[in-house]
2 protein chains.
Amino acid sequence: MSKEASLKFHMNLGMLIRSAHNSMTERFVENVFDSGLNISLDQWMVLGPIWQLGSPSQKDLGEICLRDKPSITRIIDSLEKTSLVVRVSDQIDHRIKRVILTNSGKQLFYDVLPIMEKTREEVRGDIPEEEIEIFKNVLSKIIKNLNS
Amino acid sequence: MSKEASLKFHMNLGMLIRSAHNSMTERFVENVFDSGLNISLDQWMVLGPIWQLGSPSQKDLGEICLRDKPSITRIIDSLEKTSLVVRVSDQIDHRIKRVILTNSGKQLFYDVLPIMEKTREEVRGDIPEEEIEIFKNVLSKIIKNLNS
DNA sequence: TTTTTTTAGTTGCAAATGCAACTAAAAAAG
DNA sequence: CTTTTTTAGTTGCATTTGCAACTAAAAAAA
């Protein structure tokens, strides 16, 4: 059975979503590798929000990235081990650890940004902007449907 | 930060897709559990195509389910261990193993079908049919963009 | 105040996944 | 034919994940 045929056959949402996600991850990793940089997709997905927010708590990151607590802990662990971020205890609430980019973290962020953009373009191809909008919208609705 | 706010904030496709996939999986598992049945989403995603195709090879299943070979091997292992399927060597090409549902496999398929339907309805909620169509279409296009 | 509950984050363990190396059989090349 | 290449499926290993249990601190209740 050809790849074309298989795509048409009995395609349920779950399979499609899983496969799209896998392909996107794979492509990002390839593009990063080709650029001689060293960061995983998980790390990148957390690095961006840290850059945007300045010094988010790990809880903030979990909510923004839609990941559970242990995942965030481990991703921050890996970012800290490679000196891309540091953890700083919140002055007021000592339960909270704020995550801050180091200079090399910022540098890597800037280096990876164009790779992310390239990947995004490859993912989108010539899919019309309005279809992408509907697509993102449906994803958000699905997430909302299942969390209420 | 509230869940609402987080959804609006810098939501890239990767995060959304991952989260939607996780939520769907979780809901399916809950619904199956509530029904007192015992099957994982991975197993179900393979069981369906086996039912439809009769006696597919593992390669067929991999292409239809968009999973790699080791995944299929292991899922079939688990289905065989619980006596839901059997592996039969192809009479002509001895490399090929055909996968066949047992009676209890068929029974489980029929039992899970309404649960899958319920899950599908919960996932879709009141998202209009044409948006779902565009959604599936965009997913297929993304997969195609990245595999060519 | 003291006690209880909630919240933020971490850790350990079992299960899932991805990758590369492997076996066995069929097809293609010489 | 014999050798080489390709194909179907399996296995081992390192990494990731998901879950539940845990610590420590803050907030709420008593």
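These numbers were taken from a predicted model, which means no experiment stands behind them. The sequence lines fix the lettering, A, B, ..., with proteins before strands; numbering per chain opens at 1.
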Q. Does B:W51 share a hydrophobic cluster with B:L41, counting links as ILVMFWY side-chain heavy atoms below 4.5 Å and allowing steps through other members?
A. yes
Q: Can you establish whether the number of heavy atoms outside B:N38 located under 6.0 Å from its atom CG is more than 12?
A: no
Q: Write down the distance between CG (A:L66) and P (D:dG18), rounded to a whole number of angstrom.
A: 13 Å
Q | Reading 5' to 3' through nucleotides 5-14 of chain C, protein heavy-atom contacts under 4.0 Å coded B for base, S for sugar-phosphate only, - for none | A | --BBBBBBB-
Q. With the 4.5 Å side-chain cut-off for hydrophobic clustering, are B:V88 and B:V46 part of the same group?
A. no
Q: Starting at atom CD of A:E26, determine the distance to atom C1' of D:dT15, rounded to an integer number of angstrom.
A: 16 Å
Q. Of A:D68 and A:H94, whose closest DNA chain D nucleotide lies nearer the 5' terminus?
A. A:D68
(Q) Can you see whether A:Q107 engages A:D111 through a side-chain donor-acceptor pair at a distance of less than 3.5 angstrom? (A) yes
Q) Does B:R18 use its side chain to pair, donor to acceptor, with the backbone of A:H21 at less than 3.5 Å? A) no
Q: Round to the nearest Å and state the distance from B:K81 atom NZ to C:dA15 atom C1'.
A: 12 Å
Q) In the structure shown, which nucleotide is the Watson-Crick or G-U wobble counterpart of C:dT23, with both distances under 3.5 Å? A) D:dA8
Q | Identified pairing partner of D:dT3, criterion: Watson-Crick or G-U wobble below 3.5 Å | A | C:dA28
Q. How is B:I92 classified with respect to the nucleic acid when contacts are heavy atoms under 4.0 Å: base, sugar-phosphate, or nothing?
A. sugar-phosphate
Q.
Distance check needed: C:dG18 P versus A:F33 CZ, whole Å only.
A. 19 Å
Q: Could you tell me whether the side chain of B:P49 reaches within less than 4.5 Å of the side chain of B:C65, counting heavy atoms only?
A: yes
Q. How many Å lie between CG on A:L79 and P on D:dT16, as a whole number?
A. 12 Å
Q. Between atom NE2 in B:H21 and atom C1' in C:dT17, what is the gap in whole Å?
A. 12 Å
Q. Could you state the CD-C1' distance from B:E30 to D:dG18, rounded to the nearest angstrom?
A. 14 Å
